[in-house]
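Note sheet for the following structure.
So that the names make sense, note that chain A is the first sequence line, chain B the second, and so on, each numbered from 1.
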Amino acid sequence: MIDIDLIRERPDILRESGEKRGQEFRIDEAIDLDRRRRSTITEIDNLRAKRNDVSRELGKTSDKPQELIEEMRAVGSKIKILESDEKRLAENLDSILLDIPNVPSDTSPVGQDESKNVVVRTIGEAPSFSFEPRPHWEIGEELGIIDFQSGVKLSQSRFYVLKGKGATLQRAVISWMLDLHVKNHNYVELYLPFMVNRETVKGSSHLPHFEENMYHDEEDDLFMVPTAEAPITGLFRDEIIDESDLPLRYVSHTPCWRREKFSAGRDTRGIKRVHQFDKVEMYKFVKPESSNEELEKLVKDAERVCEILKIPHRVLELCTGDLGFAASKSYDVEMWASGTSEWLEVSSCSNCTDFQSRRSAIRYRPESGGRPRFLHTLNGSGLAVPRVLIAILENYQQEDGSVVVPEVLRPLTGFDKISAGS
RNA sequence: GGAGGGGUCGCAUAGAGGCCUAGUGCGGGCGCCUGCUAAGCGCUUAUCCCUGUUAUGGGGAUCGUGGGUUCGAAUCCCACCCCCUCCGCCA
């Protein structure tokens with residue numbers, strides 16, 4: 001949620017933000033609704049003050065003048081009418097405000113689409129092969145570790161089954177990434193609900209604009225989490241945190257469910273884009289003045305995974321048109337996949353500034369005292385599991401069709417190679 | 001799922017139409033007292049909104065949530081949510 005003060009005092013900032021993102025917001029309408037709403041509130045408050053006075057007097061005397069009671073009855077019904085006006089104005093205003101994304105950071109490159117993203121750095125060399133490297137879906141099927149047909153049989157397309165060493169490899173990847181962030185990067189591990197209520201997804205700003213992409217349980221009005229970002233944001237909804245407790249850093253492994261409605265027909269082969277995937281997510285609650293610095297550290301934490309796995313990667317800074325709804329500044333981390341010869345987005349690290357905390361009412365009390373302030377939230381994958389598996393399979397594949405397990409994972413897998421029939 | 005009980009200020013509790021503009025205790029803050037500490041004493045102690053000015057201003061809202069009754073609701077009525085106890089079911 002953007003700051004209503006921007007509507008009131010700096011609509012120019014929002015207009016500029018809209019231009020940078022290539023969107024248009026109904027700012028003038030919002031300004032008008034806000035003005036009408038405030039004057040309605042003033043009117044309501046004045047009437048209530050009057051009624052409170054009179055009622056208090058009536059309470060003190062045994063003599064109850066009928067005409068005063070009549071008058072207050074009229075005031076009461078006037079208040080009711082104004083209240084419903086106010087409610088309607090607030091709803092209309094909200095529906096505009098909820099549609100306005102976060103304001104891009106001044107440092108984000110300006111551009112309409114992903115072609116304007118900027119490569120910040122590239123680390124590692126693509127491995128060279130003495131043979132034609134194959135895509136992961138061929139490798140996975142041949143080794144008998146990814147079973148696409150069973151996924152379709154059990155569910156529908158874009159679901160899959162991991163078998164044998166494939167499943168073990170995934171478990172090792174998850175466990176190792178969690179340990180890395182907990183032990184070396186100072187995050188606290190969380191085990192979270194995989195279904196969350198409406199308030200929670202509203203707070204993380206997946207509602208309303210992401211609604212079509214989430215699986216929803218009608219009976220209990222719960223949403224399957226599209227990312228751990230949603231429940232973690234909700235952890236401190238409507239709470240005031242002591243400044244001395246900040247920053248809070250969390251990491252959690254959850255499945256993520258997405259309908260992928262907007263990607264119909266894209267990436268239909270393999271496990272790159274599926275309805276259910278696992279992810280290790282990093283998340284921070286920080287003081288506003290430190291969020292830029294924390295974003296840089298967050299990216300480093302994600303990159304560390306690539307480095308240790310010895311998989312080439314690059315970091316992109318997203319341009320304004322490619323930024324997510326809640327993000328003001330984002331970096332994507334991409335791993336190189338030799339088989340498909342493409343860069344795979346394995347992490348998107350974002351500084352959401354006070355956008356989500358405003359929406360979720362997450363504040364902190366300054367040590368120096370004074371009013372509570374909205375804190376800043378950041379999130380980033382650390383990393384998306386299926387795409388890491390893709391990168392491992394495609395970059396560690398051997399001429400004989402086997403796949404070597406990255407060294408760091410071997411203590412967890414208990415094997416150093418996956419070969420056909422093994 | 002059934003039957004009971006309950007949700008009040010950070011915590012604990014009082015409150016049962018107007019004396020609640022929510023009391024008291026604890027905890028927190030400031031001060032006094034004081035060899036030090038403790039005790040004692042005094043003051044203070046939430047959030048949001050409107051207005052406004054920079055005054056330690058005025059007003060409104062918030063007693064689980066949302067409706068209703070009433071001149072007036074923490075208090076009465078309705079619905080929902082959550083917690084506890086027992087029963088049933090169950091990994």
Side-chain angles (χ1 to χ4, degrees), chain A residues 1-9 30-98 191-203 207 216-223 231 234-246 248 255 285 288 354-375:
Chain A
M1 180 83 85
I2 54 138
D3 188 347
I4 185 77
D5 285 344
L6 285 179
I7 293 274
R8 291 174 188 168
E9 285 154 31
I31 291 172
D32 180 56
L33 284 167
D34 177 54
R35 197 178 299 130
R36 280 157 63 200
R37 173 166 177 260
R38 279 148 72 192
S39 76
T40 306
I41 289 175
T42 304
E43 211 177 327
I44 292 170
D45 283 354
N46 289 340
L47 288 173
R48 285 208 273 233
K50 183 176 173 191
R51 185 177 65 181
N52 286 347
D53 278 344
V54 173
S55 293
R56 212 166 289 145
E57 287 308 311
L58 282 171
K60 284 180 189 160
T61 56
S62 51
D63 154 59
K64 316 271 188 216
Q66 196 54 37
E67 70 271 17
L68 263 188
I69 289 179
E70 294 289 345
E71 196 188 327
M72 286 311 106
R73 190 175 296 157
V75 168
S77 41
K78 178 72 181 160
I79 288 173
K80 248 173 211 169
I81 291 166
L82 290 171
E83 278 172 344
S84 75
D85 287 350
E86 192 276 330
K87 196 175 166 189
R88 205 189 60 245
L89 290 167
E91 278 166 5
N92 291 342
L93 179 59
D94 264 4
S95 75
I96 294 176
L97 295 185
L98 287 171
Y191 172 80
L192 297 160
F194 300 158
M195 301 172 86
V196 296
N197 61 32
R198 190 167 282 276
E199 285 305 301
T200 300
V201 273
K202 217 186 252 177
L207 271 186
H216 177 237
D217 165 56
E218 297 250 332
E219 199 172 352
D220 291 309
D221 198 22
L222 292 173
F223 296 84
L235 270 183
F236 295 101
R237 176 153 40 88
D238 294 322
E239 291 192 29
I240 299 169
I241 299 168
D242 284 339
E243 179 175 347
S244 57
D245 289 334
L246 298 177
L248 292 166
F285 298 89
D354 61 359
F355 192 82
Q356 288 174 320
S357 63
R358 208 173 271 291
R359 198 120 144 181
S360 296
I362 309 169
R363 290 167 294 170
Y364 73 97
R365 190 178 302 286
E367 247 154 12
S368 55
R371 308 186 75 198
R373 299 171 64 197
F374 290 108
L375 45 70

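- With hydrogens and angles disregarded, no donor-acceptor distance shorter than 3.5 Å links the side chain of A:Asp242 to the backbone of A:Ser244.
- Rounded to whole Å, atom P of B:C82 lies 14 Å from atom CZ of A:Arg237.
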Identify each atom pair where a protein N or O and an N or O of nucleotides 77-80 of chain B are less than 3.5 Å apart, giving names and distance.
none

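- Proximity of a side-chain donor or acceptor of A:Arg359 to a complementary backbone N or O of A:Lys202 within less than 3.5 Å is detected.
- Pair assignment for B:G57: B:U51, on the basis of Watson-Crick or G-U wobble contacts that are both within less than 3.5 Å.
- If you check B:G42 for Watson-Crick or wobble pairing at under 3.5 angstrom, you find it paired to B:C30.
- For A:Arg48, the side-chain atoms get nearest to B:A61 when compared with the rest of B:U47, B:A61, B:C48.
- Side chain of A:Ser357 to backbone of A:Phe374: no donor-acceptor contact under 3.5 angstrom is found.
- A:Ile4 has its CD1 atom 12 Å from the C1' atom of B:C49, to the nearest Å.
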Item checked: Base versus backbone protein contacts along nucleotides 63-71 of chain B [heavy-atom cut-off under 4.0 Å; B, S, -] -> ------S-B

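- Considering all non-hydrogen atoms of both residues, A:Pro372 and A:Pro366 come closest at CA-CD, 4.3 Å.
- Here, B:A61 and B:C19 have their P atoms 14 Å apart, quoted to the whole Å.
- Per the geometry, CG belonging to A:Asp242 stands 18 Å off P belonging to B:G27, to the nearest Å.
- Rounded to an integer number of Å, the gap from CZ of A:Arg359 to P of B:C48 is 19 Å.
- B:U13 and B:C20 have their C1' atoms separated by 16 Å, given to the nearest Å.
- Across all strands shown, B:U21 forms no Watson-Crick or G-U wobble pair with both distances under 3.5 Å.
- Across all strands shown, A:Arg37 has no heavy atoms under 4.0 Å from either base or sugar-phosphate atoms.
- Comparing B:C81 with B:G28, their C1' atoms are spaced 32 Å from each other, to the whole Å.
- At whole-Å resolution of the value, CZ in A:Arg35 and C1' in B:C49 are 19 Å apart.
- Rounded to an integer number of Å, the gap from A:Ile44 CD1 to B:G59 C1' is 13 Å.
- Comparing A:Thr42 and A:Pro372, the nucleotide of RNA chain B nearest to each residue sits closer to the 5' end for A:Pro372.
- Across the strands present, B:C76 finds its partner in B:G68; the criterion is a Watson-Crick or G-U wobble pair with both atom distances under 3.5 angstrom.
- A search for ring-ring contact (aromatic ring centres under 6.0 Å, His included) contacts involving A:Phe236 returns A:Phe285, not counting sequence neighbours.
- Taking a pair to require two hydrogen-bonding distances under 3.5 Å in either a Watson-Crick or a G-U wobble arrangement, B:A14 remains unpaired.
- A search for side chain to side chain contact (heavy atoms under 4.5 Å, CB included) contacts involving A:Arg73 returns A:Ile69, A:Glu70, not counting sequence neighbours.
- In this structure, the side chain to side chain contact (heavy atoms under 4.5 Å, CB included) partners of A:Asn197, at least two apart in sequence or on a different chain, are A:Glu199, A:Thr200, A:Leu222, A:Arg237.
- In a base pair of the Watson-Crick type (N1 to N3 plus N6-O4 or O6-N4) or a G-U wobble (N1-O2 and O6-N3), with each distance short of 3.5 Å, B:G4 is matched with B:C84.
- When both pairing distances are held under 3.5 Å, B:U37 makes no Watson-Crick or G-U pair with any nucleotide shown.
- Of all non-hydrogen atoms in A:Ile7 and A:Ile2, the two that sit nearest each other are CG1-CD1, 4.0 Å.
- Using atom P as the reference point in both B:G58 and B:U45, the two lie 14 Å apart (nearest Å).
- In this structure, the salt bridge (Lys or Arg N to Asp or Glu O under 4.0 Å) partners of A:Asp85, at least two apart in sequence or on a different chain, are A:Arg88.
- With sequence neighbours excluded, the residues forming a salt bridge (Lys or Arg N to Asp or Glu O under 4.0 Å) with A:Asp221 are A:Arg198, listed by chain and number.
- The side chain of A:Ile240 has B:U47 as its nearest neighbour among B:C50, B:G60, B:U47.
- Between the CZ atom of A:Arg373 and the C1' atom of B:U47 there is a distance of 18 Å, given to the nearest Å.
- In this structure, A:Arg371 reaches the B:C48 phosphate: one of its side-chain N or O atoms is under 4.0 Å from OP1 or OP2.
- Residue contacts for A:Arg358: at a heavy-atom cut-off of 4.0 Å it reaches no nucleic acid atom on any strand shown.
- Residue side chain A:Asp45 does not reach the base of B:G60 through any donor-acceptor N/O pair under 3.5 Å, judged by distance alone.
- OP1 or OP2 of B:C50 lies within a sub-4.0 Å distance of a side-chain N or O belonging to A:Arg8.
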Please tabulate, for the side chains in residues 43-52 of chain A, all donor-acceptor contacts under 3.5 angstrom to protein atoms that are two or more places apart in sequence or on a different chain.
residue, atom, partner, partner atom, Å
A:Asn46, ND2, A:Thr42, O, 3.3
A:Arg48, NH1, A:Glu83, OE2, 2.8
A:Asn52, ND2, A:Arg48, O, 3.4

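- Rounded to whole angstrom, the span from the CD1 atom of A:Ile241 across to the C1' atom of B:U47 amounts to 16 Å.
- Contact annotation for A:Asn52: backbone-only contact, meaning every heavy-atom pair under 4.0 Å involves sugar-phosphate atoms and none involves a base.
- Taking the side chain to side chain contact (heavy atoms under 4.5 Å, CB included) definition, one finds that A:Pro193 meets it with nothing, sequence neighbours left out.
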